[in-house]
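All chains are named by letter (A, B, ...) in the order of the sequence lines, taking the proteins before the strands, and each is independently numbered beginning at 1. Everything quoted here is computed from the prediction, not taken from an experiment.
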Protein chains: 4
Amino acid sequence: MEQPSTEQLSAFAHAILRQQPFAVKLGTRLDAFSSGHAELSLPIVDDLRQQHGFVHGGVLSYLSDNALTFAGGSVLGDALTVEFKINYLRPARGQGRLVAVADVIGQSKSQAVVRCDVFVESVEGTRFHCAAAQGTIVKALSAARSADPADAALRTTG
Amino acid sequence: MEQPSTEQLSAFAHAILRQQPFAVKLGTRLDAFSSGHAELSLPIVDDLRQQHGFVHGGVLSYLSDNALTFAGGSVLGDALTVEFKINYLRPARGQGRLVAVADVIGQSKSQAVVRCDVFVESVEGTRFHCAAAQGTIVKALSAARSADPADAALRTTG
Amino acid sequence: MEQPSTEQLSAFAHAILRQQPFAVKLGTRLDAFSSGHAELSLPIVDDLRQQHGFVHGGVLSYLSDNALTFAGGSVLGDALTVEFKINYLRPARGQGRLVAVADVIGQSKSQAVVRCDVFVESVEGTRFHCAAAQGTIVKALSAARSADPADAALRTTG
Amino acid sequence: MEQPSTEQLSAFAHAILRQQPFAVKLGTRLDAFSSGHAELSLPIVDDLRQQHGFVHGGVLSYLSDNALTFAGGSVLGDALTVEFKINYLRPARGQGRLVAVADVIGQSKSQAVVRCDVFVESVEGTRFHCAAAQGTIVKALSAARSADPADAALRTTG
């Protein structure tokens, strides 16, 4: 089977993102996509915040989940996040964009392990590190091909 | 110092949730709150989905994060999530509500370890298990009292 | 393909444990094994401790890893731990045995999600909870059958 | 309060390691220790293996736990691991040493977030990556000073 080109993969990635209503709702943008690497960002607006005025932890975890899946997908094709963990390092305060940078650190034929760092990028372009995640991504095709509906059912996490 | 009553804690919890614009945006509701226990839910609507029509994994991780913090806060007072991990078990498909049930499984004066299970609850009231999380919650007051801005800065995750 | 009986699985599990030199070195014992459930324990001896006299966190993480794999293996057959996370709740102090109780909370054809609780059990039989883990277990056979050496290579964690 | 010098911290770290019977039992060596960084290694011997001849996952998790704590301790002083997660990337096969390299990626006054990579280093000095971990380390002194025995009790993980 021929490997898809980087352009094909990137077009596929942009198309997937546009098909995720939740990603669209939050204004998520795919900023970089290459083999083993993905960057997603979204604009920090007031309705993403929590009671102290910082971006809600759940927004950081959402963006990490999404970036982990795209980085894994860059080497696996259609992929899904099986699990991840996230550490919050600092409050995501201020204006600008929330940026998630994800890189594959290990992979086999059917799974990839990915690390992700989340930054607040100010309008001036300075960044500070606000969260760090690590997760496991698996190839969705093998699940979809499976005769077991529970396997196919794993195609959940976008 | 006198311990707050359950009613005071519950009123405090509801007030906190109303002060989280992101939680309000997603329609998050506090369904149960007692010492060591919290339940949050939100209505499953189409703009929470991903490309396969399932609820986006990022919504599940958001709701887990929020429920973990509230359960931890039920024993610690003002609290924040330091970190958590989530496993996706099945796609959150169908209609109804997404329900997160969180319980403290261990605690000290300043931190709590909490487990959370996320379910899809159909309009008929049946539930199926779609994600499992575990995380660490710390008391926010001790951070706020700290002379170190980086500690205070940890008050991020709502 | 016929499913193995509980007795066959249990005999297989005991045989696997005896083939793990590290588990044998630490005196690990398989105390319970049934579909979706496994219990492992080891005697607390002084050379398992750290500088404060508590059982070393690394011993707790080892026993969790091993119990997670066995619980996953009880539903998957030959299995391996892909990843796990552990929270330390209290110091594993005192004499007696370290006991890890692991239960499958979700599974598909090729993977299982497992939770594990680690206790210190005194010689009188009382237990206190000292750690909580959660992890992902995958079927080893599918990896072994794979044409990709990196997949087969995943058969690592015992 | 005066900050300890690097030499003082390093001497403290070596002394702590020598006081951990479990670390000594496995032949753990502190190979590097500076602000925000620690490297631990141990010789791969046959009784560390599992049934396939690879180093047992529990040994990798032990060494990660220990390296995470030392890296955190390099910036916090006396420290303990609250929690961590580990992904197994490849089987730790072959001869040589198991090497864990840990770096602080974020810190406040009382806690540090640390990443760790575990390698097999052959006798020729080549390395391959076999596991990746991420965890939360807290200052032990604050726990020890606490009036709450449950906090002091957290000094568990070495």
Would you indicate whether the side-chain heavy atoms of A:Val82 and B:Tyr88 approach each other to under 4.5 Å? no

With a 4.5 Å heavy-atom cut-off (strictly below), which parts of residues 24-40 of chain A touch chain B? List them by number. A:Lys25, A:Leu26

Hey, could you give me the CD/CD1 distance between B:Gln50 and A:Ile16, rounded to the nearest 0.5 Å? 9.0 Å

Locate the shortest heavy-atom distance separating A:Asp46 from B:Pro21; write the atom from each residue and the value. O-CB, 3.6 Å

Looking at CD of A:Gln51 and CZ of B:Arg18, how far apart are the two atoms once the value is rounded to the nearest 0.5 Å? 12.5 Å

Against chain A, work out which of B:Leu63, B:Asn87, B:Ile86 has the most heavy-atom pairs shorter than 4.5 Å and name it. B:Ile86

side-chain contact (heavy atoms from CB on, under 4.5 Å) evaluation trace for B:Val59 with A:Phe22: CA-CA 8 Å; B:Val59 179; A:Phe22 188 64; 3.7 Å; yes

Compare all side-chain heavy atoms of B:Leu48 with those of A:Gln20 and state whether any distance is below 4.5 angstrom. no

If you tally heavy-atom pairs under 4.5 Å against chain B, which of A:Ala132, A:Ala131, A:Ser61 wins? A:Ser61

Fit a plane to each ring of B:Tyr62 and A:His56, take the angle between them on a 0 to 90° scale, and name the class: parallel (under 30°), tilted (30 to 60°) or perpendicular (over 60°). perpendicular

Salt bridge (charged side-chain N to carboxylate O under 4.0 Å, His left out) with A:Arg97: which residues, sequence neighbours excluded? none

Could you give the distance from CD (A:Glu83) to NZ (B:Lys85), rounded to the nearest 0.5 Å? 3.5 Å

